[in-house]
Amino acid sequence: MSGISLRAKRIVKNRAFLALCLLSTSATILILALLIASIMAQGSHFLFNSDALGAVFAHGELSQLTKIIRWDFLTNFASRFPEKAGIYAAVIGSMWVCAICALLALPLGIGTAIYLEEFAPKNRWTALIDFNIRNLAGVPSIVYGILGLTAFTRMFGLFGSDKNSALSFGPDNAWWHIQFPFGQGLLAGGLTLMLVVLPIVIISSREALRAVPSSLRQASLAIGATQWQTASKITLPAAIPSILTGAILAMSRAMGEAAPLLVLGIPVFIANTPDNLNDNFTVLPFQIFNWAGRPQESFHQLAASAIVVLLIVLICFNGVAVYLRQKLRKPLA
Amino acid sequence: MTEQASKFHPKSNSVLYKATSTMPDTQPNLAKPAPASAPITTTSLPGSEHITLRVKDFNAWYGAFQALHNITLNIPSQRVTSLIGPSGCGKSTFLRWINRMNDLVANARAQGVMQLDKDDVLDRNFDVVELRRRVGMVFQKPNPFPKSIYENIAFGPRLHKHFHRSDLDALVEQSLRAAAIWDEVKDRLHNSALGLSGGQQQRLCIARAIAVGPEVLLMDEPCSALDPRSTASVEALIRELRQTFTIVVVTHNMQQAARVSDLTAFFFEGKLIEAGPTDGMFTNPKNKQTEDYVTGRFG
């Protein structure tokens, strides 16, 4: 008798909990859908050509299909006239900065992870390093901006100012022209973003390496491989898919950062693409920040359009990460 | 199979292992392999025959805990020596000191004499990479690399010296033949080793260990993760390999020790209680504790 009522109670509890979980999940999805819908609604004006949209969907004129998207928005530089404004400089700047950031952060981060996971003795010193890296991953990115400002933009004033540089390499028109300090140039931006993502790359790479069964390391060592041979030929290849997944997610974080670059003082208006590593640049999130801060409604719409582009880029990044996780990851044992 | 196994040896294989002439001259005399039919006639341990591994007053610790106390044991060439004893008795610790895998354990240390031929295994200056080439190891759970069957075997030899493709192919075939798995895998050498069954994987791991031309093979409960049928195949292989290698097997399974080994050493609470010919150990143990253990009264 009491057994039956207990059972009924359990079933009710189970259902109630399930309902609660469903509710919170749907709330999350609803918020996300609202966000995307509102951004699309605001951003559509500058992203899509309404005449071409009408022609294709109302009259079935497929020849207008490629004109649906306002390509001008992607290929124009910023402008004080919203109808002429575009995100070309920001897209190119984002690509440059992300490439520099990836080239610096991935070797450094993965190298650090290999050292800490495969070579470092487990002692108080490495525990301290570990603790620090975990804390650094949680430091707000704007703090790295301050570090970037002193270390890369001004270089502690060691080489004069960026307008009056005391040290430079390469001809002014070469893409690899470098001058110290880096000022508000690409190198300063890329290095600052490297600081932001480095802890993330290290932590995700370490977790990828740790997921490789130690039986494989032992097998390798037991046939006379050195620690380096084991790390480079067994552990790293087994961990590479996961490491790449983490690296791509870190890069999408770098792609979305505006705050540290804001602190560096990168220019608001850029009417050319960077010529060399010290040239001024802007990035998508900073362009969005900029447009959203203006009083005119049209600029808010521009900001929304740029957000749509940024979201699409980030979704592509995450898509590649998911693909790598699913396709490249092989069973290890 | 017997023929193949006896033919295969790094020393006798002049083409492939000429380069490893740095090995000491104290190799077992392979011209006269030990008579396979007469393991029981091996009188005592230590005996008068060639000793590959000499252990004297050997102590080992993990931090403050002493895992092994004053072990003195001689392991003869081309015999199977099994180490038996209850869990935690130190037999695996002992095994993992022979190829210094315990170097990987931060607080592990050892004292005493452990000599492989004339080399001091415990000498910090002794090249552990060379030691592990000479002393192969097979683990409890089959642990093939997530690579092809061919790559699993070729991995080890390539670490130590550069091979021509055809020599490497021949070495892979010989190793797989010696491990009695060639016929099962010859048509899928470039498929993943993870597609093999547990018993096949374990024999592959043995082939991988053989491929670098060791003198000694250490096996840490090589059959405990296998089904009875795979166990039988691995045990048969161990008996074959005795003709070429000095084998030390840790096992929890006393029937297995009785089936595969020529000599047995009984460990209990970090001490070597008794060692001798397997036959005598199981039928007429000298020590009361050994008797209790082998008859199943404890452990």
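The chains referred to below are lettered A, B, ... by the order of the sequence lines, with proteins before strands, and numbering in each begins at 1. Remember, predicted model here, so these are calculated numbers, not experimental data.
Using a 4.5 Å cut-off between heavy atoms, L131(B) does not touch chain A at all. Contact annotation for R100(B): neither backbone nor side-chain heavy atoms come within less than 4.5 Å of a heavy atom of chain A. Heavy-atom distances place no part of V128(B) under 4.5 Å from chain A, backbone and side chain included. Both the backbone and the side chain of L221(A) have a heavy atom closer than 4.5 Å to some heavy atom of chain B.
Shown here for F145(B) and L216(A), the closest heavy-atom pair between the two residues is CE2-O, 3.5 Å. Here the closest non-hydrogen pair linking A219(A) and F139(B) is CA-CE1, 3.9 Å. The heavy-atom pair separating A222(A) from N99(B) by the smallest distance is CB-ND2, 4.4 Å. G156(B) and I223(A) make their closest contact through CA-CD1, 3.8 Å (heavy atoms, listed as atom of the first residue, atom of the second, distance). Nearest heavy-atom pair across M101(B) and Q218(A) is CE-O, 3.4 Å. Between L159(B) and A225(A), the closest heavy-atom pair is CD1-CB, 3.4 Å.
No more than 12 heavy-atom neighbours from other residues, nucleotides or ligands sit within 6.0 angstrom of OH on Y323(A). Within a 6.0 Å sphere centred on NE2 of H164(B), other residues, nucleotides and ligands contribute 12 heavy atoms or fewer.
Remark: K122(A) NZ to N107(B) CG distance equals 13.5 Å, nearest 0.5 Å.
The side-chain heavy atoms of Q229(A) and R158(B), taken from C-beta on, include no pair separated by under 4.5 Å.
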